[in-house]
K.L.:
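There's a structure below that I have some questions on.
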Amino acid sequence: MAHLQLTPLAAGGGRGGADEMEEVALLGPDSYDEEAAAAAGPEEEEGMRRVQVRVTGMTCSACTAAVEAAVSARRGVGGVAVSLLQSRARVVFDPALAKEEDIIEAIEDAGFEAELLPDSTVSQPKLQNTLSGQFRIGGMTCAACVNSVEGILKKLPGVKRAVVALATSLGEVEYDPSVISKDEIVQAIEDAGFEAALLQSSEQDKVLLGLMGLHTEVDVDILHDILKKMEGLRQFNVNLVLSEAEIVFDPEVVGLRSIVDTIEMESSGRLKAHVQNPYIRAASNDAQEASKMLHLLCSSLFLSHTDSPLVPLQQIPVFFIRMVCPRIHFTRSLLLMHLGPFYIGDLLKWILVSIVQFGVGKRFYVAAYRALRHGSTNMDVLVVLGTTASYVYSVCALLYGAFTRFHPPIYFETSAMIITFVLFGKYLEVLAKGRTSDAIKKLVELVPATALLLLKDKEGKYAAEKEIDASLIQPGDVLKVLPGSKVPADGTVVWGTSHVDESMVTGESAPISKEVSSIVIGGTMNLHGILHIQATKVGSGTVLSQIISLVETAQMSKAPIQKFADYVAGIFVPIVVTLSLVTFIAWFLCGSLGAYPNSWVDETSNCFVFSLMFSISVVVIACPCALGLATPTAVMVATGVGANHGVLVKGGDALERAQNVKYVIFDKTGTLTQGKATVTSTKVFSGIDLGDFLTLVASAEASSEHPLAKAILDYAFHFHFFGKLPSSKDDIKKRKQQILSQWLLEVAEFSALPGKGVQCLINGKKILVGNRTLITENGINIPEEAESFLVDLELNAKTGVLVAYDSELIGSIGMTDPLKREAVVVVEGLKKMGIYPVMVTGDNWRTAQAVAKEVGIMDVRAEVMPAGKADVVRSLQKDGSVVAMVGDGINDSPALAAADVGMAIGAGTDIAIEAADYVLVRNNLEDVITAIDLSRKTFSRIRWNYFFAMAYNIIAIPVAAGALFPFTGLQMPPWLAGACMAFSSVSVDFVDR
């Protein structure tokens, strides 16, 4: 699973009259539940390692429970999460106590096949606080040189520790890769007059390469020689059969593209390497599993037979025995001939069915044995019990008839047909499971296979282009994106203009204009012009990879309602076996005691066989599969559908909670409003000139990151320099930076006061920019004229900002932030859904009430500090109500974490950093309704799935036990019971919207 990226936030200037931005931990300890964090979360505890394992053979919740129990019992395992639909397990373990082989062995011992999977196309570097790098340092001659180098290294920002050894000419540096790179360390050493080169670091990546041309042992030897000579490679393993090589390398020393190019170059083109895409590989494995199941089904279908006219296709293997042979006198006589005490026809049936029972059905016996050995039961146990009982009885009946000349009925076709129908159900189940992951497949397919890399000449100009595998893109690469092609990686436009369709990633239908410095998202479609982009994020760091990661994590998680199915699955098989024994004993005793007429029993049969058929039918018809698939299929499809509409769900538990939401709390700025504040009016209350007033305010606000501060700065800039700027946008930006550095006044002792404003010193005098609270706390009187101006602004849903300089109120600025066009419709829609909307804001009461009245919200909480928003959430939760919080995910993160359902809206490219349960990629409030509606429909479907799964077993088991036989005379043969069971496991209805 890809590692989620955290974006550092600068401390923003607080602001009265608007929501405050503050430095907060976006991914706190409460962001995920303990199980997800331990088993499938993006970060592991220090020293722990996470692996993904493909598990084949799981059929129901009992199977997943067996795998979890088997793996958890291993020493050193810290957590495990198993997904039935994805046939995948994620395990966190201590590499000092357990190995990957131990986990594989545990799963195989539990009766399932296991295969270790790579986490991603390239395992990206983990987010580490520090790396340890070993550098070769040349030119040192004495201890003074050592001290000089150490002194230089220790002074570098981000360097934690530096030790240099003169004897070995080596230096070991512990550094923070987010602050300083290995190239900057090398450059610092060289600037001091020494030679330097990185030998290795504590970082490592793992990649799985597919190799074309790897056919013989000679090719393997050539590849070994090439890899051994390559610097930066830690270890490698070559698989000749699969034509693959797994390589662990140091990304600080050698890049993935260098590895691929070196293999091709050093082998003179004999070997060509490409990165294996794990999703494509998984799809191939799914196809192989489906193909294998189809092969077994066809084999069983060909060898099976039945006397029922309802399944004429099952007579294929005995076509010559039943249809052709009887018409040919010789063959008919041959089948009726004796071979010892047996008829040749009966022996042929025995042989055919034995092949089905122990050849085709071997997988059921192996799985059942392993499950029973570990004290668990599953669907395979029921299949083995039913088919073995029928087969053993038929063999005994055949032998009894051969030696006594009394031929009781034989039921070889029963065991063979049960296996055939079970395999048919498994095949349909494999196909259905594959369709549930279509959402992830579509997201994976968005990434183009190749990219055009621009190459520089000796003068540093882009002179040529080269087509490369998209998985080989590295940060800093400049890529050419043609019209009609997809953007290969996240990056920034460095040349060109165009429009990009981002609907496939964000759900935003309108094309987005792109120009120099615009951010582009990998997987989106370039519509018109040619763009040159510089890659900033590749591999697991891209937006698309983070979306896939979130969807995968959600699909791996279990909704609380799944606990019911897990409990039932755990006791299901023992109950069914008990019911089967009770059925046999009841019918047999009643028959022995003459409780029912002899006419009920077939003339060629007896009471024992009559009772046995009912008992086998009970075992075979019972099916826990539909019950186990009811929740995961619906959750898996729902998360996929949500992702396609820009609604990312972080887990099944969040999906379940959202259905019961009673209150939805909206942040005001950036959530209900557009988040684009503009200055509407200014008023000066002293003799100061308006231009000087704006210069003072802009100088104070220049150090703040708050949206209102930026709006004031832009207004003051255009007030002074309107008409004096060049026409080109690029030139405007450059000119603006130059002007700001010269025009603004020098500021000292700047501080942001969350919920109030900012304060600093200009020309040695204190200036305050903020709300009433900030002004009055500093003992400054607000004149009646200023108060009247503020009240007028607030009654018109505008925000008033007061400015005091040298202990005197000198002016006020009126600002507005327009409502989003869909805000009123969404609020009204929530009311129709029975949900109460609430607005919470740091703004003053008059402005808040004016905005709430305009949007239709009755419950308003104003003048609330960022930390106080969480208190508002908790106050609404006191009566047990489920509360949802909708915010921008920055200053609202405490409230998002405190809410039962946190929704971060308009996350843009910072997809995975929010402390929320839902991430609404588009900046559109309508997705709030989409998220809640998706949850309600999903769990409505889950309840129906549970109803039908339970109803099937409640009705089918008594029917199979013969409850209707005394009244209707209809008996369900075991093969028909097997057919019912097969179709029930794929009858689970999926969410389709």
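Everything quoted here is computed from the prediction, not taken from an experiment. Below, each value reflects all heavy atoms present in this structure, side chains not excepted, and no hydrogens, waters or symmetry copies.
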K.L.:
Would you mind reporting whether Val82 and Val55 have side-chain heavy atoms less than 4.5 Å apart?
P.N.:
no
K.L.:
Should Arg270 and Glu264 count as side-chain neighbours, where that means a heavy-atom distance under 4.5 Å?
P.N.:
no
K.L.:
Within the structure provided, determine whether Val366 and Lys362 are in side-chain contact (heavy-atom separation under 4.5 Å).
P.N.:
yes
K.L.:
Can you confirm whether His274 is buried at NE2, in the sense that more than 12 heavy atoms of other residues, nucleotides or ligands lie under 6.0 Å from that atom?
P.N.:
yes
K.L.:
Rounded to the nearest 0.5 Å, what separation is found between the CD atom of Gln187 and the CD1 atom of Ile185?
P.N.:
12.0 Å
K.L.:
I'd like to know if Asp477 pairs up with Arg257 as an ion pair, taking the criterion as any Lys NZ or Arg NE/NH1/NH2 lying under 4.0 Å from an Asp or Glu carboxylate oxygen.
P.N.:
yes
K.L.:
Could you go through Gln52 and Arg88, starting from their C-alpha distance and side-chain angles, then the distance that decides it, and tell me whether this counts as side-chain contact (heavy atoms from CB on, under 4.5 Å)?
P.N.:
CA-CA 7 Å; Gln52 291 190 85; Arg88 187 177 299 181; 3.0 Å; yes
K.L.:
Rounded to the nearest 0.5 Å, what separates atom CG in Leu527 from atom OG in Ser498?
P.N.:
6.0 Å
K.L.:
For the atom pair CZ (Phe135) and CD1 (Ile189), what is the distance rounded to the nearest 0.5 Å?
P.N.:
6.0 Å
K.L.:
Should the pair Glu113-Arg54 be classified as a salt bridge under the 4.0 Å nitrogen-to-oxygen rule?
P.N.:
no
K.L.:
For the residue pair Glu502 / Thr524, report whether a side-chain donor-acceptor contact shorter than 3.5 Å exists.
P.N.:
no
K.L.:
Any side-chain heavy atom of Leu531 sitting closer than 4.5 Å to one from Val500?
P.N.:
yes
K.L.:
Among all residues two or more places apart in sequence or in another chain, which pass the ring pair (Phe, Tyr, Trp, His ring centres under 6.0 Å) test with His215?
P.N.:
none
K.L.:
Minimum heavy-atom separation for Ile519 and Lys514, please, with both atom names.
P.N.:
O-NZ, 2.7 Å
K.L.:
Measure across Gly491 and Thr536 and return the closest heavy-atom pair with its distance rounded to 0.1 Å.
P.N.:
CA-OG1, 3.4 Å
K.L.:
Check the pair Ile226 / Ser267 against side-chain contact (heavy atoms from CB on, under 4.5 Å), numbers first and verdict last.
P.N.:
CA-CA 8 Å; Ile226 295 172; Ser267 66; 3.9 Å; yes
K.L.:
Any salt bridge between Glu174 and Arg161, counting N to O under 4.0 Å?
P.N.:
yes
K.L.:
Do the non-hydrogen side-chain atoms of Lys228 and Leu233 ever get within less than 4.5 Å of each other?
P.N.:
no
K.L.:
Kindly check if the number of other-residue, nucleotide or ligand heavy atoms within 6.0 Å of CD (Glu184) is above 12?
P.N.:
yes
K.L.:
Would you say the side chains of Asp219 and Thr216 form a donor-acceptor pair under 3.5 Å?
P.N.:
yes
K.L.:
About how many Å separate CG of Leu452 and CD1 of Ile533, when rounded to the nearest 0.5 Å?
P.N.:
11.0 Å
K.L.:
Decide, yes or no, whether a salt bridge links Asp94 with Arg74 under the criterion of side-chain N to carboxylate O below 4.0 Å.
P.N.:
no
K.L.:
Looking only at heavy atoms, what is the nearest atom pair of Leu454 and Glu465, with distance?
P.N.:
CD2-CB, 4.0 Å
K.L.:
Could you tell me whether the side chain of Ile530 reaches within less than 4.5 Å of the side chain of Pro483, counting heavy atoms only?
P.N.:
yes
K.L.:
Taking only residues two or more places apart in sequence, or in another chain, which ones meet Ser485 in a side-chain contact (heavy atoms from CB on, under 4.5 Å)?
P.N.:
Val481, Leu482
K.L.:
Check Arg136 with Glu172, please: is the shortest side-chain N to carboxylate O separation under 4.0 Å?
P.N.:
no
K.L.:
Rounded at 0.5 Å granularity, tell me how far NZ in Lys292 sits from OG1 in Thr56.
P.N.:
7.5 Å
K.L.:
Please step through side-chain contact (heavy atoms from CB on, under 4.5 Å) for the pair Val71 and Val53, ending with a clear verdict.
P.N.:
CA-CA 11 Å; Val71 176; Val53 182; over 6 Å; no
K.L.:
Could you pull out the closest heavy-atom pair between Ala110 and Ala66, with the gap in Å?
P.N.:
CB-O, 4.4 Å
K.L.:
Under the 3.5 angstrom rule, does the side chain of Asp102 hit a backbone N or O of Lys99 as a donor-acceptor pair?
P.N.:
yes
K.L.:
If you compare all heavy atoms of Val77 against all heavy atoms of Ser72, which two are closest, and at what distance to 0.1 Å?
P.N.:
CG1-CA, 4.3 Å
K.L.:
Only pairs at least two apart or in different chains count here, so list each ring-ring contact (aromatic ring centres under 6.0 Å, His included) that has a residue in residues 465-496.
P.N.:
Trp495-His532
K.L.:
Under the criterion side chain to side chain contact (heavy atoms under 4.5 Å, CB included), which of Leu211, Asn239, Leu214 is the partner of Val220?
P.N.:
Leu214
K.L.:
Report the residue from Ile259, Leu271, Val238 that forms a side chain to side chain contact (heavy atoms under 4.5 Å, CB included) with Leu209.
P.N.:
Ile259
K.L.:
When you look at Lys486 and Val447, which way does the side-chain contact (heavy atoms from CB on, under 4.5 Å) test go after all the steps?
P.N.:
CA-CA 7 Å; Lys486 293 179 179 177; Val447 182; over 6 Å; no
K.L.:
To the nearest 0.5 Å, what is the distance between CD on Glu108 and CD on Glu115?
P.N.:
10.5 Å
K.L.:
Does Glu467 form a side-chain hydrogen bond (donor to acceptor under 3.5 Å, both in side chains) with Thr450? I'd like the steps, not just the answer.
P.N.:
CA-CA 6 Å; Glu467 188 173 22; Thr450 60; 2.9 Å; yes
K.L.:
May I ask you to test the Ile103-Phe93 pair for a side-chain heavy-atom distance under 4.5 Å?
P.N.:
yes
K.L.:
Mind listing the closest non-hydrogen atom pair of Tyr175 and Ile180 along with its distance?
P.N.:
CD1-O, 3.6 Å
K.L.:
Val80 versus Val92: any side-chain heavy-atom pair under 4.5 Å?
P.N.:
no
K.L.:
Does either side chain, that of Asp469 or that of Ser471, offer a donor lying less than 3.5 Å from an acceptor on the other one?
P.N.:
yes
